[in-house]
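Scroll down for the structure; my scribbles are underneath it.
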Amino acid sequence: MANPYGGRAAPLSGPATDLLPVTPDDAADLPVPALALYVETGGAVVIDTISGDAPRTVQLADTTFLPVAVRRVRATGTTAAGLHALVVR
C-alpha cells in the first residue's frame with residue numbers, strides 16, 4: 001500500500017508515522033522527540049517535556065496514551081513498562 005501521507009509536511013498534531021520502543025535513560029534524550037507516549041503496563045513515568053521544564057512524574061494506568069510531547073523518559077522513578085514513543089519521521 002502506498003503511503004497516503006507521502007509528499008505532505010508532517011503535522012505535529014498527528015498522526016504519528018511510527019511507534020518506537022522506549023528504554024528509560026536518565027542521561028539521554030529519545031532519538032526522535034515523541035508526540036505522545038503509549039504505556040502497556042501502568043505505573044509512574046518520569047518525563048522531560050519538549051518545553052525543557054524540570055522532569056515531571058505522572059501516574060498512568062495500563063494501556064494509556066500520554067498526549068504530551070516528550071524528549072526524555074527518565075529511568076529513575078519510572079515504574080511503568082512497555083513504553084513506546086509515537087513519532088513523526
Side-chain angles (χ1 to χ4, degrees):
M1 172 186 209
N3 180 354
Y5 304 110
R8 287 197 226 169
L12 293 180
S13 62
T17 58
D18 206 353
L19 185 68
L20 304 175
V22 172
T23 301
D25 189 316
D26 289 335
D29 287 346
L30 298 171
V32 179
L35 295 173
L37 294 179
Y38 175 71
V39 176
E40 291 178 4
T41 304
V45 181
V46 182
I47 60 169
D48 291 8
T49 63
I50 291 295
S51 68
D53 293 336
R56 299 170 193 256
T57 302
V58 292
Q59 296 290 330
L60 300 172
D62 293 352
T63 63
T64 298
F65 285 94
L66 178 64
V68 174
V70 174
R71 66 182 175 90
R72 180 177 300 172
V73 177
R74 296 182 177 260
T76 302
T78 294
T79 60
L83 304 174
H84 303 277
L86 284 77
V87 299
V88 174
R89 300 204 265 178

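Within the structure, salt bridge (Lys or Arg N to Asp or Glu O under 4.0 Å) pairs that include any residue of residues 31-50 comprise D48-R71, D48-R74 (at least two apart or interchain).
Under the 4.5 Å side-chain heavy-atom criterion for ILVMFWY residues, no single connected hydrophobic cluster contains both V22 and V46. Hydrophobic clustering (ILVMFWY, side-chain heavy atoms < 4.5 Å, transitive): L35 and L30 are in distinct clusters. Criterion: ILVMFWY side-chain heavy atoms under 4.5 Å apart, direct or through other members. Under it, I50 and V87 are not part of a common hydrophobic cluster. Using a 4.5 Å cut-off between side-chain heavy atoms of Ile, Leu, Val, Met, Phe, Trp and Tyr, with links allowed through other members, L83 and L20 fall into different hydrophobic clusters.
Considering T49, D29, I47 as possible partners of R72, the one that fulfils the side-chain contact (heavy atoms from CB on, under 4.5 Å) test is D29. Across L19, D18, L37, a single residue satisfies side-chain contact (heavy atoms from CB on, under 4.5 Å) together with L86, and that is L19.
Listed by chain and number, the residues in a side-chain hydrogen bond (donor to acceptor under 3.5 Å, both in side chains) with D26 are T76 (sequence neighbours excluded).
Minimum heavy-atom separation, A44 to G77: CB-O, 3.4 Å. Counting all heavy atoms, side chain and backbone alike, P15 lies closest to V88 at O-CG2, 4.1 Å.
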Would you give me the side-chain donor-acceptor pairs under 3.5 Å for residues 60-70, sequence neighbours excluded?
unit_1: D62; atom_1: OD1; unit_2: G42; atom_2: N; d: 2.6
unit_1: T64; atom_1: OG1; unit_2: A61; atom_2: O; d: 2.7
unit_1: T64; atom_1: OG1; unit_2: D62; atom_2: O; d: 3.4

